[in-house]
Amino acid sequence: MKFTLTAKDKGSAARAGVFTTDHGEVHTPIFMPVGTVGSVKGVYHKDLKEDIKAEIILGNTYHLYLRPGLDTLRKVGGLLRFESWGRPILTDSGGFQVFSLPQIRKITEEGCRFQSHIDGSRHMFTPENNVDTQRAIGSDIMMALDECCPGDADERYAAKSLKLTQGWLERYFKRFCETDPLYGYDQAMFPIIQGCVYPELRKRAVDHALTLVGDHPGVGGFAVGGLAVGEPTEQMYEMLEVVCPILPENKPRYLMGVGTPANILEGIARGIDMFDCVMPTRNGRNGMLFTWNGIMNMRNAKWQDDFSPLDPSGTSFVDHEYSKAYLHHLFVAKEMFAAMVASEHNLAFYHDLVREARKHIEAGDFSSWKDETVRRISSRM
RNA sequence: GUGCGAUUAGUUCAGUUGGUAGAGCACCAGAUUGUGGUUCUGGGUGUCGUGGGUUCGAGCCCCACAUCGCACC
């Protein structure tokens, strides 16, 4: 995986670039729709490509390992072929699921034991079998197995958690180097920087990761994890200000699981290149729309008789084909089409957002544009 | 026509020995950040069918009427 920086903002740490995988180019800053179990819920690939213009989507190792399972994925030749996407895919390791799903789990130095949320069966992820699993899935970008530390953890707990993640990263990287892709195309891996809200821990995590992987060509970039998990937003931004300046400039930086449109612009301003978040799709399914003029809750009664276009400034076909009143009706009636329209709109908006950001980075006026835009998109309609 | 039962929030219903009403759903809002098509939080929105009576006080007891349901002529 090759990354080229193409522009740097003048008034901030924002940058624009492009990375290349065997399944195509990805222009950064980029937003990556989440497709946990092998589909971006409610959205056709055709629309993802042509309307939303997504360049890369996510899959989740935890979910795909449980279902359809590795035998099926190996037989079909990997997730890309299985879901007929054809563009790059990034897989999360499943560490976050083990952290966030309220199931019986036990995390030890060896790995994490967990019970399936589907049938209660017992499983274990180790750094080694997690590499093997992501090889079987065949993602273009594989994420290291980490422990996601809660945002309100004390420093002692966070230090212990980081140490575990570091040990896992060493073993994960070793296994990664010892194994090859199964399907004839390249797979890159990203270490994940943890350290909760403690600057010293974050620095230690970066030092450790850089020392471990050196300039190994298989390392595609670096991820910042363990943020937007309960800590105040300002602390998240502070951590980015600690981490980004000491990460290598020639590798993309991925802020995992973030976030709101404002979070994304603030992340870009601090040097982040890649984002993923369930918010545009999950919140969309439940009636929340993100627009250039603020946030709309389509379930609100105020849209009952508003027959104006969904989002006159939107670029998706749904923004002009359907009215606010119609989408309101679909949500009230609990029609599945409501979730589809909202997901389509939100993903298109998120992609617009990062594309606009990219333009302003190239123009060198990102900072001022960002401040004004954050105010606008954070308001409520 | 007679007898019995019912009538309380938008709806389905609860409401103790009489002390000016509550629940589920719906509705109205808010939350949701490496996805369990959710979940969570807050809000009661009322001429207790109508009119009288008893009582310090009635959703509750008494009378009449209305409406609905069931049964019987």
Side-chain angles (χ1 to χ4, degrees), chain A residues 31-43 56-64 66-67 89-103 114-120 130 134 139 141-151 165 190-194 222-233 235-237 253-264 266-267 272 274-288 290 295-304 328 330-340 342-343 346-347 350 380:
Chain A
F31 179 78
M32 307 181 285
V34 178
T36 310
V37 293
S39 95
V40 176
K41 294 183 193 297
V43 184
I56 175 171
I57 63 176
L58 260 66
N60 187 277
T61 302
Y62 167 85
H63 290 278
L64 293 165
L66 290 177
R67 203 163 48 188
I89 287 182
L90 179 152
T91 43
D92 186 24
S93 66
F96 185 76
Q97 275 57 46
V98 175
F99 152 82
S100 65
L101 293 177
Q103 62 202 346
F114 58 92
Q115 275 186 271
S116 161
H117 68 282
I118 299 164
D119 62 5
N130 200 261
Q134 293 189 70
S139 47
I141 298 175
M142 307 164 39
M143 300 306 299
L145 183 69
D146 65 338
E147 189 197 10
C148 184
C149 183
T165 290
F190 279 41
I192 302 174
I193 305 302
Q194 287 287 347
F222 293 86
V224 185
L227 291 175
V229 287
E231 81 288 357
T233 306
Q235 282 193 320
M236 168 165 83
Y237 297 154
R253 303 154 187 167
Y254 166 27
L255 176 55
M256 304 185 75
V258 173
T260 64
N263 290 160
I264 288 175
E266 296 295 353
I272 296 292
M274 303 161 66
F275 302 85
D276 81 280
C277 192
V278 303
M279 204 172 264
T281 41
R282 183 201 280 160
N283 289 24
R285 281 199 301 281
N286 292 296
M288 188 182 288
F290 300 94
I295 297 163
M296 296 194 277
N297 181 350
M298 297 314 298
R299 288 194 317 258
N300 286 171
K302 66 203 262 193
W303 307 118
Q304 170 89 32
H328 168 77
L330 294 177
F331 271 111
V332 170
K334 299 191 193 322
E335 282 293 306
M336 68 168 86
F337 190 46
M340 295 171 64
S343 298
N346 279 346
L347 287 176
Y350 267 62
R380 296 203 140 264

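Quick caveat, the model's predicted, so the values are computed rather than measured. Labels below follow one simple rule: chain letters A, B, ... track the order of the sequence lines, proteins then strands, and each chain is numbered from 1.
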Taking the [atom1] atom of each, how far is [N] from [M], in whole Å?
{"N": "B/rU47", "M": "B/rU20", "atom1": "C1'", "result": "13 Å"}
{"N": "B/rA21", "M": "B/rA58", "atom1": "P", "result": "12 Å"}
{"N": "B/rC4", "M": "B/rC62", "atom1": "P", "result": "13 Å"}
{"N": "B/rG19", "M": "B/rA71", "atom1": "P", "result": "36 Å"}
{"N": "B/rU45", "M": "B/rU2", "atom1": "P", "result": "42 Å"}
{"N": "B/rA14", "M": "B/rC60", "atom1": "C1'", "result": "13 Å"}
{"N": "B/rC40", "M": "B/rC63", "atom1": "P", "result": "48 Å"}
{"N": "B/rA64", "M": "B/rC25", "atom1": "C1'", "result": "37 Å"}

Quick one: does any side-chain atom of [X] pair with a main-chain N or O of [Y] as donor and acceptor, under 3.5 Å?
{"X": "A/Gln194", "Y": "A/Ile192", "result": "no"}
{"X": "A/Ser343", "Y": "A/Met340", "result": "no"}
{"X": "A/Gln134", "Y": "A/Ser139", "result": "no"}
{"X": "A/Arg299", "Y": "A/Asn286", "result": "yes"}

Do A/Tyr254 and A/Ile141 come within less than 4.5 Å of each other through their side chains, counting heavy atoms only? no
Please state how far atom CZ in A/Arg285 lies from atom P in B/rU39, giving the value in whole angstrom units. 12 Å
Mind checking who [N] pairs with, Watson-Crick or G-U wobble, both distances under 3.5 Å?
{"N": "B/rC72", "answer": "B/rG1"}
{"N": "B/rU54", "answer": "none"}
{"N": "B/rG59", "answer": "none"}
{"N": "B/rU17", "answer": "none"}
{"N": "B/rA6", "answer": "B/rU67"}
{"N": "B/rU39", "answer": "B/rA31"}

Under the criterion side chain to side chain contact (heavy atoms under 4.5 Å, CB included), which of A/Leu66, A/Asn130, A/Asp92 is the partner of A/Thr61? A/Asn130
Taking the six-membered ring for Trp, are A/Tyr62 and A/Phe114 parallel (under 30°), tilted (30 to 60°) or perpendicular (over 60°)? tilted
Counting primed atoms, P, OP1 and OP2 as sugar-phosphate and everything else as base, the B/S/- map of nucleotides 26-34 of chain B against protein heavy atoms under 4.0 Å is --SSSSBBB
